[in-house]
**Student:** 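Okay, handing you the structure first.
Side-chain atoms are counted along with the backbone in the values below, which use heavy atoms only and exclude waters and symmetry mates. Counting convention: from 1, in listed order, for ligands and their atoms alike.
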Amino acid sequence: MLYGKEDREEAEYLEPIFGSECEDVDLPKYKLNKESMEPRIAYQLVQDEMLDEGNARLNLATFCQTYMEPEAVKLMSQTLEKNAIDKSEYPRTTEIENRCVNMIADLWHASSQEKFMGTSTIGSSEACMLGGMAMKFSWRKRAKKLGLDVQAKKPNLVISSGYQVCWEKFCVYWDVEMREVPMDKDHMSINLDTVMDYVDEYTIGIVGILGITYTGRYDNIKGLNDLVEAYNKKTDYKVYIHVDAASGGFYAPFIEPELVWDFQLNNVISINASGHKYGLVYPGVGWVLWRDQHYLPEELIFNVSYLGGEMPTMAINFSHSAAQLIGQYYNFVRYGFDGYQAIHQRTHDVAVYLAKAIEETGLFEIINDGSQLPLVCYKLKEDADREWTLYDLSDRLLMKGWQVPAYPLPKDLDQLVIQRLVVRADFGMNMAYDYVQDMQQAIDDLNKAHLVYHQKKEVKTYGFTH
Ligand SMILES: *Cc1c(COP(=O)(O)O)cnc(C)c1O
């Protein structure tokens, strides 16, 4: 039925949305509204604002976890109000953090001959910042002792060009020169033939990556350790390795326990990982550990009060909720080693299945087949008979709700545009079947359609995160 203007007003009055007239306000965008509103309506309005947003479970761009068990969520919502920095007030939470550090140290083979130290962080970015600062301070001490003029040149950090942006931030914030070891088609992780050419007496450390965010490949940390070992034998200016294991740190120990990449290697002095990646916690929690307190300069340790005494902390942030820490501990308690292994194994199998199915289309060349980190990346074959690009395919997949990024690889490889699927714990085989079907459909549609395509030669980043 059509209403005249008057009738419409009548209808609005009789049939208010959500059973209330209170909904009839403009949502504040630039300044606070004058009047308050009922919680029920505020909840509904804010929720509605996000209706057309992406569905996190279908977001194949991110490593960050998009599912936790209801029991974990309950625990975490019950602990949101606790401030993790208030060690005296919440000594149990402090104890829980320490237990997590102990378990992670064990997972990464910290030696009982040394005194490991570690802390939780908001994520790997804060963890890398702390790891980098410790390297810079330790280097300066060592270098001064050896009589080097530490002001004469900027200190430098050596890392492959597949680094995550947090290292660029680190170098800018702490005034360190970033020395990128370029990746190329034959070296899709750190190039061991050239890496040591970038090292000199101003090098604060070398970062190895487990694995590279763009492709999921692991740097050969053991090989790097051998090179460093040989280098250190010949010089007084020792250099050490920090492993950025943001995504591999909670994955490799379960899926490739024989892979040697951690504190078993002499020159690996610190490691970070994201609890919210394959540690299976919602964002944000991360971890950084040093193999021995010797590598963590005292200047970086600050004391906070703890049970009438003091306790050392090293963190950039001060206040934050303890909920994520508790979520991490819940997962450790709940899953144990076998549980993590089973979850990761399934994720791995899904990634391998996806890689096979995508290869079978005949259109794509697989760049990462899920054999290391559980992610699949691929590029269009040079001779693939089609007019569309990976950007068009991303668009098409988005129509079904899937968020699949397409982006160029870093420097020197940036003519190579790839698409990447990150498989997480909540992406099971059934979803994978659905995805493959939708992808096939998207390809068929693109092949048949007369569409306006993205610029063919354009190199751009499209939905790439973490
Ligand atoms: C994700 C990632 C980071 C940043 O981690 P956050 O936990 O998101 O801060 C750093 N390094 C690598 C290799 C990563 O994959």
**Student:** Using a 3.5 Å cut-off on N or O atoms only, is Q164 in polar contact with ligand 1?
**Tutor:** no
**Student:** Which bit of A246 gets closer than 4.0 Å to ligand 1, counting heavy atoms only: side chain, backbone, both or neither?
**Tutor:**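 It is the side chain that gets close, since no backbone atom is under 4.0 Å.
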**Student:** Are any of the N/O atoms on W167, whether in the backbone or the side chain, positioned under 3.5 angstrom from an N/O atom of ligand 1?
**Tutor:**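 W167 vs ligand 1: no N/O contact under 3.5 Å.
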**Student:** With salt bridge (Lys or Arg N to Asp or Glu O under 4.0 Å) as the test, would you mind laying out the steps for R99 and E95 before giving the verdict?
**Tutor:** CA-CA 6 Å; R99 287 180 192 174; E95 167 67 14; 2.9 Å; yes
**Student:** Where the closest heavy atom to atom 11 (N) of ligand 1 is concerned, which of D244, V243, T62, L210 has it?
**Tutor:**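 That would be D244.
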**Student:** Ring of F137, cation from R140 - is the NZ or CZ under 6.0 Å from the centre and inside 45° of the axis?
**Tutor:**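 Ring-cation test returns yes.
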**Student:** Would K154 and E177 count as a salt bridge (Lys or Arg N to Asp or Glu O under 4.0 Å) here? Give the steps.
**Tutor:** CA-CA 6 Å; K154 245 195 197 188; E177 175 198 342; over 6 Å; no
**Student:** Check ligand 1 against S274 and write out every atom of the ligand that is under 4.0 Å from a heavy-atom position of the residue.
**Tutor:**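 Counting atoms of ligand 1 from 1, those under 4.0 Å from S274 are 5 (O), 6 (P), 7 (O).
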**Student:** Given the ring of Y306, does K87 sit roughly above its face, with NZ or CZ under 6.0 Å from the centre of the six-membered ring and within 45° of the axis?
**Tutor:** no
**Student:** Check each atom of ligand 1 against the heavy atoms of G123 and keep those under 4.0 Å away; list them by number with element.
**Tutor:**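 In order of numbering, the contacting atoms are 7 (O), 9 (O).
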**Student:** For ligand 1, which part of C166 has a heavy atom less than 4.0 Å away: the side chain, the backbone, both, or neither?
**Tutor:** side chain
**Student:** Partners of R217 by salt bridge (charged side-chain N to carboxylate O under 4.0 Å, His left out), sequence neighbours excluded?
**Tutor:**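 Testing R217 for salt bridge (charged side-chain N to carboxylate O under 4.0 Å, His left out), a comparison that skips the adjacent residues, returns none.
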**Student:** Need the ligand 1 atom indices (1-based, order shown) with element for anything under 4.0 Å from a heavy-atom of I209.
**Tutor:**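 This gives 13 (C) as the contact atoms.
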**Student:** By salt bridge (charged side-chain N to carboxylate O under 4.0 Å, His left out), which residues pair with R142, not counting sequence neighbours?
**Tutor:** none
**Student:** With a cut-off of 4.0 Å, which atoms of ligand 1 are near a heavy atom of H276?
**Tutor:**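 Every atom of ligand 1 under 4.0 Å from some heavy atom of H276: 6 (P), 7 (O), 8 (O).
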**Student:** Heavy-atom distances under 4.0 Å decide this one: backbone, side chain, both or neither, for K277 against ligand 1?
**Tutor:**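 It is the side chain that touches ligand 1; the backbone stays farther off.
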**Student:** List ligand 1 atoms under 4.0 Å from S125, heavy atoms only on the residue side.
**Tutor:** 4 (C), 5 (O), 6 (P), 9 (O)
**Student:** Look only at the side chain of D244 and the backbone of N272, and say whether a donor-acceptor pair between them is shorter than 3.5 Å.
**Tutor:**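 No, because the side chain of D244 does not come within donor-acceptor range (under 3.5 Å) of the backbone of N272.
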**Student:** Answer with side chain, backbone, both or neither: which part of I122 has a heavy atom less than 4.0 angstrom from an atom of ligand 1?
**Tutor:** neither
**Student:** Report yes or no: does R346 contribute a side-chain atom to a donor-acceptor pair with the main-chain N or O of A425 at less than 3.5 Å?
**Tutor:** yes
